[in-house]
Amino acid sequence: AKRESQTFAMVIADIDDFKKFNNRYGYEGGNQVLATAAQVLRNGLRPFDTVARWGGEEFGLILTPPVTLEHAQTACERLRNAAALSRFTLTGLEGESLSAQLTISLGGAMYPADGQSAKGLWRAANAALVHAKQTGKNKVVFASELPPDEENETRGKKRRGGNPDQYERFLHNKRKKKKPGKTPGLF
């Protein structure tokens, strides 16, 4: 993308209230929810886009070039709607069949506007995801939509250093200066 001056989107999709599925339906039910979410995400993207389970109930998505912010938002809304429309049957812990519905929250970041490194993009997408979760779940939020106070955690880095990667180096150097053997938050 950098070499060809193209944009792409990094998106984190998170299953809403996944722990409730595990508690109500057991791990087998949780696995079925994960498989359903993966299928919804894969079916809703172009063949050359990427979907990967990141861990727990999170999936990482790369919407490959060429993609604009508007296209990425539309694709993510389509995924969110497809998940919300998916109904499936799970077997409860007592052996009963129960109807279940899936919702997902998605946080996205655009290259190069929201970050110029994998770490910078991931942080921006994660901040957007956290905002989506904290403001009601079952939402799509991109880093460019974050309120100014949250923008300081991602997009505001550009104002402090001109380049988001400079802020990453600043944080790295700041961590290196800590005294050996001292872990913040532990006594």
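For reference, positions follow the sequence shown, starting with 1.
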Within the 4.5 Å heavy-atom criterion, are [X] and [Y] side-chain neighbours or not?
{"X": "Thr91", "Y": "Glu96", "value": "no"}
{"X": "Leu102", "Y": "Ile15", "value": "yes"}
{"X": "Leu146", "Y": "Val141", "value": "yes"}
{"X": "Thr7", "Y": "Pro65", "value": "no"}
{"X": "Ile104", "Y": "Leu41", "value": "yes"}

Rounded at 0.5 Å granularity, tell me how far [atom1] in [X] sits from [atom2] in [Y].
{"X": "Lys139", "Y": "Glu145", "atom1": "NZ", "atom2": "CD", "result": "10.5 Å"}
{"X": "Leu121", "Y": "Asn126", "atom1": "CG", "atom2": "CG", "result": "12.5 Å"}
{"X": "Thr64", "Y": "Phe48", "atom1": "OG1", "atom2": "CZ", "result": "5.0 Å"}
{"X": "Leu45", "Y": "Leu61", "atom1": "CG", "atom2": "CG", "result": "5.5 Å"}
{"X": "Lys20", "Y": "Tyr25", "atom1": "NZ", "atom2": "OH", "result": "11.0 Å"}
{"X": "Ser144", "Y": "Asp114", "atom1": "OG", "atom2": "CG", "result": "5.5 Å"}

- Item | Residue pairs fulfilling side-chain hydrogen bond (donor to acceptor under 3.5 Å, both in side chains) with at least one residue in residues 26-39, sequence neighbours excluded |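 Output for this query is empty, none listed.
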What heavy-atom pair brings [X] and [Y] nearest, and what distance separates the two atoms?
{"X": "Ala100", "Y": "Leu90", "value": "CB-CD1, 3.8 Å"}
{"X": "Ala109", "Y": "Ala125", "value": "CB-N, 3.7 Å"}
{"X": "Val51", "Y": "Phe59", "value": "CG1-CD2, 4.3 Å"}
{"X": "Trp122", "Y": "Glu58", "value": "CZ2-OE1, 4.4 Å"}
{"X": "Ala13", "Y": "Leu106", "value": "CB-CD2, 3.9 Å"}
{"X": "Phe142", "Y": "Ala9", "value": "CE2-CB, 4.4 Å"}

- Report whether Phe18 and Val40 are members of the same hydrophobic cluster (ILVMFWY, side-chain heavy atoms less than 4.5 Å apart, transitive linking).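 No, because Phe18 and Val40 fall into different hydrophobic clusters, even though each may have its own neighbours under 4.5 Å.
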- Query: What pairs of residues pass the salt bridge (charged side-chain N to carboxylate O under 4.0 Å, His left out) test when at least one of them lies in residues 73-90, not counting sequence neighbours?
  - Reply: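 Non-adjacent pairs meeting salt bridge (charged side-chain N to carboxylate O under 4.0 Å, His left out): Glu77-Arg80.
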- Taking it one step at a time, do Thr68 and Met110 satisfy side chain to side chain contact (heavy atoms under 4.5 Å, CB included)? CA-CA 8 Å; Thr68 64; Met110 295 297 297; 5.6 Å; no
- Task: Carefully, step by step, assess Phe8 and Leu63 under the rule side chain to side chain contact (heavy atoms under 4.5 Å, CB included).
- Result: CA-CA 6 Å; Phe8 71 89; Leu63 308 182; 5.9 Å; no
- Query: Would Asp16 and Thr103 count as having a side-chain donor-acceptor pair, cut-off 3.5 Å?
  - Reply: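 Result is yes, a qualifying pair exists.
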